[in-house]
Novice: 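Following this message is one structure expressed as structure tokens.
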Amino acid sequence: MGRTVFDFSNQVAVITGAALGIGKRSAECFAEAGAKVFLIDINVKGGAAAAQGIQTRGGDAAFIECDVTNAAAVKQTFETIMDKAGRIDILVNSAGGFYTQFDTADTPEEEWDAVVDRNLKSVFLTAKSIVPIFQKQQSGRIINLGSMAGLTTLNPASPPYAAAKAGVHCLTRVLAFELGKYGATVNAIAPGTTATERVIAVRNEEQRKMIGKATLVGRIAEVEDMVGWVLFLAAPESGYLTGQTIAVNGGRLMV
Ligand SMILES: NC(=O)c1ccc[n+]([C@@H]2O[C@H](COP(=O)([O-])OP(=O)(O)OC[C@H]3O[C@@H](n4cnc5c(N)ncnc54)[C@H](OP(=O)(O)O)[C@@H]3O)[C@@H](O)[C@H]2O)c1
């Protein structure tokens, strides 16, 4: 199969959760397509290495350490990026996830708060910084990483994660409503299970095959399956699409 060639020359892309997985590969692909990329993550070693990797291949990348659940840190990060780059064209909110699966009765309150903050408050905080920038520019794109877990429940789910991702899909619509008048679009993708480094570490090959068998296309998603959508949602061709959550799950769930 061929590969669509995207062109993001002269554009500035900010990607949260860019040290690993979908965020990291999105940053690499935006840089390959000519964008100046800012990689945001709490993981300093991974984020710096990801930015360094892009630079080594001739891309324009910088890493900024930021906890996207911390309002002051997020505000400072966006001010730093505007000082350095003067504009932001694309924001990808990929920071998220959860680390322990609890049932509701066993979920510690701290776990609820941490997972909701990581997955939902983070999108609110970055939006607070980006809205005035897009208003001034009269343009911009936001791509949020939601989840199939926020659309339906097919497996045991982390309660705060599923609820937060449903919130991300909702906030995507609210932001699309607010930002349309500035010529900016806001969309989300809701991935099915995707074979990132973290998923490969916790699901063996047999389990990944079983996940693939539950889809219509017969395989687990690769990171590239998600990144293509992230780039497309930032491309000029998708300018009439806003407020949508694209369910990218190999047909496991059709909505
Ligand atoms: N992979 C899947 O199967 C899948 C399925 C559906 C939805 N998604 C969603 O897609 C997005 C990307 O998933 P992924 O699997 O590529 O993620 P990942 O590999 O787990 O990477 C997420 C990155 O975000 C960072 N991060 C976590 N909390 C942060 C914070 N407070 N501030 C800044 N950075 C933070 C993580 O750092 P640490 O490693 O230090 O925590 C990590 O580098 C997530 O929102 C996830 O929920 C993934």
Side-chain angles (χ1 to χ4, degrees), residues 14-29 38-51 63-74 76-78 91-101 111 113-126 142-155 157-158 160-169 171-172 188-203 207-208 211-212 214-215 219-227 229-230 245-250 252-253:
V14 177
I15 296 112
T16 75
L20 272 181
I22 298 166
K24 177 184 175 188
R25 189 68 192 129
S26 297
E28 291 171 350
C29 289
F38 287 90
L39 295 90
I40 310 301
D41 209 289
I42 204 170
N43 173 350
V44 176
K45 206 170 155 210
F63 170 66
I64 302 177
E65 178 186 6
C66 174
D67 175 353
V68 291
T69 69
N70 179 317
V74 171
Q76 178 61 58
T77 295
F78 279 82
L91 167 64
V92 180
N93 283 305
S94 191
F98 67 99
Y99 308 111
T100 314
Q101 171 75 56
E111 168 76 1
D113 289 344
V115 175
V116 172
D117 283 2
R118 188 181 310 127
N119 288 280
L120 180 56
K121 185 182 178 187
S122 58
V123 178
F124 160 67
L125 291 178
T126 59
I142 300 177
I143 298 106
N144 295 324
L145 269 295
S147 174
M148 189 164 71
L151 294 171
T152 190
T153 305
L154 296 171
N155 298 310
S158 157
Y161 179 73
K165 289 302 193 184
V168 169
H169 304 158
L171 188 55
T172 296
I189 65 169
T193 309
T194 304
T196 56
E197 302 95 314
R198 201 189 292 283
V199 167
I200 290 170
V202 296
R203 301 256 186 258
Q207 290 171 317
R208 300 202 299 275
I211 291 167
T215 71
R219 62 173 179 82
I220 191 170
E222 300 297 334
V223 170
E224 298 290 334
D225 291 315
M226 303 305 148
V227 170
W229 280 99
V230 172
T245 294
I246 314 283
V248 188
N249 55 51
R252 179 149 192 226
L253 168 74

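The figures that follow rest on heavy atoms only: side chains count, while hydrogens, waters and symmetry mates do not. These figures come from a predicted structure and were not determined experimentally. In listed order, ligands and their atoms are each counted from 1.
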Novice: So, using side-chain contact (heavy atoms from CB on, under 4.5 Å) as the criterion, who are the partners of Thr196 when residues are at least two apart?
Specialist: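 For Thr196 the side-chain contact (heavy atoms from CB on, under 4.5 Å) partners, ignoring immediate neighbours, are Ile22, Thr194, Arg198, Val199, Val223.
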Novice: As a test of reading the model: which residues have a non-hydrogen atom less than 4.0 Å away from ligand 1?
Specialist: Gly17, Ala19, Leu20, Gly21, Ile22, Asp41, Ile42, Asn43, Cys66, Asp67, Val68, Thr69, Ser94, Ala95, Gly96, Gly97, Tyr99, Arg118, Asn119, Leu145, Gly146, Ser147, Tyr161, Lys165, Pro191, Gly192, Thr193, Thr194, Thr196, Arg198, Val199
Novice: Check Val123, Ile189, Val230, Thr245 against Asn144 for a side-chain contact (heavy atoms from CB on, under 4.5 Å) and give me the one that passes.
Specialist: Val123
Novice: Report the residue from Glu224, Glu222, Met226 that forms a side-chain contact (heavy atoms from CB on, under 4.5 Å) with Arg25.
Specialist: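 Going through Glu224, Glu222, Met226 one by one, the side-chain contact (heavy atoms from CB on, under 4.5 Å) with Arg25 is satisfied by Glu224 alone.
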Novice: State, with a plain yes or no, whether a side-chain heavy atom of Leu125 is found less than 4.5 Å away from one of Asn70.
Specialist: no
Novice: Any heavy-atom pair between the side chains of Thr193 and Gln207 that's under 4.5 Å?
Specialist: no
Novice: Whether the side chain of Ser147 engages the backbone of Ala190 through a donor-acceptor N/O pair (distance < 3.5 Å, no angle test) should be reported.
Specialist: no
